[in-house]
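Here's the structure we're looking at; comments come further down.
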Amino acid sequence: MTYHPKSDFIAVMLERGFLADCTDYQGLDEALMSGVQTAYIGYDATAKSLHVGHLMNIMVLRWLQKTGHKPITLMGGGTTKVGDPSFRSDERPLLGPDQIDENIAGMKQVFAKYLSYGEGETDALMLNNAEWLDDLNYLEFLRDIGRHFSVNRMLSFESVKSRLDREQSLSFLEFNYMILQAYDFLELNRRYGCILQMGGSDQWGNIVNGIDLTRRVLDHEIYGLTTPLLTTSDGRKMGKSQGGAIWLNAEMLSPYEFWQFWRNTTDADVGRFLKIFTELPVEECDRLGALAGSEINDAKIILANEVTTLCHGAEAARTAEATAREVFEKGGVGDDLPTLTLSAGELGDGMSIVQIIVKSGLAKSGKEAKRLIAENGARLDDAPLTDAGLMIDAAALASPIKLSAGKKRHALVQLG
C-alpha cells in the first residue's frame, strides 16, 4: 500500500506489520488526526485466560493508547452465550453465566498489564456487552435492527460460506451472532462515540456488518481495521505448542514456560515478532532479526525478555533467563522449571518412567513417550534415557529428578 499516513497510530500499524486491511485508510487517518478517538476490540469469554493468539491485538490496543487514543476492551458476556461461528466447523459448546463471569475475571488480569484503565481522556474502558444484549426485547430488536440485514449478503461472507460449502450445519443461534456483534458497534458508537472496531482478518465480515448497521441507524461515519492472521514461518498457527495453548495468565502457564516459548522462536520469525510483540524501535528489530549463526540466539533472548516483561514483569523475565542459563549451560536444576509432585500414594511401589513423562507434560501419550525414548530424545538427569521399562520408586525420588524431551523442554519430578 502506498498510502503515507499522517497519524502516529496508522504509521505504527503499517511499519510494525499490524495492518491487514482497513475500510477507509484516509478517512480513519484524518479522524485520528482530529483529536482523541475511541476504538474497540471484542473478546468472547470462552476460556479463563487469553493466549498468545490474542497478543497481537492486545498490542494494537496498547499502541492505540500510546499514540494518544482511547481503547475499549469489550468483554463478550452476552455474545459468548451464542458463540462465534466464524471459520469453525462446529458449534461452540454453550457456557453458563457463572463460567462466563469467571472467564472474564481471568481475562481482565491480562488486560491490566498492557493497558491503563481509569477515568482519563485516553484511559481504557472495560465493558461487557451483556449490559445491552441481556435485556433486549426480541420483537423490538427484530423490527428495529433485524430489518437492516440482508440474509443473502450474510450468506456470502467467507466465514459462513466455508461452513455451508462443507455442508456443515449452521444453527439459527449462531447465525444471530453476526447481528449481535454488529449491534455492539452501534451501541458503542451511540454510548461512547467509538469510531473504530479492530480485530483479526477473520472478523472482517462481522466488522463490515457493524459499520453498515451504524451508518443506516445513526448515519455516523465509522471504520474497521483488521490485523493479519499470524502464522509462524513454517506455517503453524501462532500460539500453539506441543503442550497446547500458550496462556497469558501465570496460573495457567508458568512465566518460565512462557519465556521458553519465545526463546524457541524460529530464526526466520525473530525480526517480525520483535516488531509485533515488543516496543523496541523498528530499526533495532530489523538489526536483531538480521543476525546470523549463534548471534540470533541473543536476539531470541531479547525477544523472550521483552515479551515476558510486558506480560509477567521484569523480575519474572530475569528469573526465567537465569533458570534457562542454569539448566542449559550448567546442566543444573532451575527452581523455576515446570514441576510434577507425586504423592507417596500415587507412586506406590513404583511408577513407570513412561507414565511419569506423560504426567509431567513432556509427552501427550504413553505411545509418544515410548517413541521419544526409542528415538533417543529423552534424558534423565541429563543422561540419555534408553529403557522404556524403567520403574521409578521412592528411593529414586529421594531428591528431585530432571526429565528432558529434546534440548529445550524440561520438567522436575519430586516426591511430595
Side-chain angles (χ1 to χ4, degrees), residues 12-13 15-18 41 43 49-66 73 107 109-116 200 227-234 236-291 295-325 327-328 334 336-338 408-409:
V12 167
M13 291 298 97
E15 69 177 0
R16 297 190 85 97
F18 283 111
I41 296 179
Y43 296 86
S49 169
L50 296 159
H51 54 71
V52 161
H54 295 110
L55 196 48
M56 184 181 202
N57 281 336
I58 295 172
M59 291 300 290
V60 166
L61 290 170
R62 186 174 165 89
W63 279 111
L64 181 88
Q65 190 167 46
K66 280 173 77 89
T73 43
M107 291 160 70
Q109 293 172 23
V110 175
F111 288 118
K113 295 169 185 173
Y114 291 88
L115 300 171
S116 161
T227 53
L229 287 181
L230 205 59
T231 54
T232 55
S233 56
D234 52 8
R236 285 179 299 119
K237 196 172 176 183
M238 181 66 189
K240 291 281 192 275
S241 77
Q242 284 170 310
I246 302 298
W247 301 107
L248 304 183
N249 283 39
E251 57 272 20
M252 287 181 72
L253 186 82
S254 74
Y256 174 77
E257 289 171 281
F258 182 79
W259 187 93
Q260 224 24 86
F261 169 79
W262 296 99
R263 168 63 183 82
N264 293 341
T265 296
T266 311
D267 294 6
D269 291 324
V270 174
R272 187 167 57 118
F273 287 0
L274 281 163
K275 283 183 202 167
I276 292 170
F277 298 110
T278 82
E279 293 171 337
L280 293 176
V282 171
E283 305 71 41
E284 179 66 358
C285 297
D286 285 334
R287 183 189 74 76
L288 289 167
L291 294 173
E295 285 190 324
I296 193 75
N297 289 330
D298 298 335
K300 290 179 188 181
I301 288 170
I302 291 169
L303 171 67
N305 284 341
E306 291 286 329
V307 184
T308 305
T309 296
L310 279 174
C311 190
H312 296 296
E315 187 54 44
R318 274 195 297 274
T319 305
E321 184 183 356
T323 299
R325 288 195 191 285
V327 170
F328 300 126
D336 209 21
L337 280 183
K408 295 176 178 174
R409 296 170 58 233

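These numbers were taken from a predicted model, which means no experiment stands behind them.
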Which of T266, N305, N264, D267 passes side chain to side chain donor-acceptor pair (under 3.5 Å) with K300? Answer is D267

Please report the interatomic distance OG(S116) to CZ(R62), rounded to the nearest 0.5 Å. 10.0 Å

Which atom of S49 lies closest to which atom of M107, heavy atoms considered: C-CG, 4.3 Å

Of T308, T265, L280, the residue whose pairing with L303 passes side-chain contact (heavy atoms from CB on, under 4.5 Å): T265

What distance separates H51 NE2 from W247 CH2, expressed to the nearest 0.5 Å? 5.5 Å

Atom CG of N249 and atom CZ of F258: how far apart are they, to the nearest 0.5 Å? 10.5 Å

From NE2 (H54) to CG (L248), nearest 0.5 Å: 8.5 Å

Looking at every non-hydrogen atom in both residues, tell me the closest pair between P228 and G17 and how far apart they are. CG-O, 3.8 Å

Check: F277 ring centre within less than 6.0 Å of W262 ring centre: yes

Go through S233 and D269 one step at a time and tell me if the side chain to side chain donor-acceptor pair (under 3.5 Å) criterion holds. CA-CA 6 Å; S233 56; D269 291 324; 3.3 Å; yes

Does the side chain of V307 reach to within under 4.5 Å of the side chain of W259, using non-hydrogen atoms? no

Below 4.5 Å, heavy atoms only, C-beta onward: do I58 and Y43 meet side chain to side chain? yes

Applying side-chain contact (heavy atoms from CB on, under 4.5 Å) between I41 and each of T227, L61, T73, report the one that passes. L61

Take Q109 and E251 through the test side-chain contact (heavy atoms from CB on, under 4.5 Å) and record every step on the way to the result. CA-CA 11 Å; Q109 293 172 23; E251 57 272 20; 3.2 Å; yes

Atom pair OG1/NE2 of T319 and H312 - distance to nearest 0.5 Å: 12.0 Å

Step by step, work out the side-chain contact (heavy atoms from CB on, under 4.5 Å) result for V282 and D286. CA-CA 6 Å; V282 171; D286 285 334; 3.8 Å; yes

Before giving the answer on side-chain contact (heavy atoms from CB on, under 4.5 Å), spell out for V60 and M13 the whole-Å C-alpha distance, their side-chain angles and the decisive distance to 0.1 Å. CA-CA 8 Å; V60 166; M13 291 298 97; 4.0 Å; yes

Are any side-chain N or O atoms of R16 and backbone N or O atoms of T278, one a donor and one an acceptor, separated by less than 3.5 Å? yes

Take K275 and E15, measure what salt bridge (charged side-chain N to carboxylate O under 4.0 Å, His left out) needs, and give me the verdict at the end. CA-CA 8 Å; K275 283 183 202 167; E15 69 177 0; over 6 Å; no

Using a distance-only test with no angle check, is there a side-chain donor-acceptor pair under 3.5 angstrom linking S254 and E257? yes

Inter-residue atom distance I246.CD1 - L253.CG, 0.5 Å rounding: 5.5 Å

Could you walk me through whether E321 and R263 pass salt bridge (charged side-chain N to carboxylate O under 4.0 Å, His left out), step by step? CA-CA 9 Å; E321 184 183 356; R263 168 63 183 82; over 6 Å; no

For F273 and L230, run side-chain contact (heavy atoms from CB on, under 4.5 Å): C-alpha distance rounded to whole Å, both residues' side-chain angles, the deciding distance at 0.1 Å, then the answer. CA-CA 10 Å; F273 287 0; L230 205 59; 4.3 Å; yes

Write down the atom of M56, the atom of F18, and the distance for their closest heavy-atom approach. O-CE2, 3.7 Å

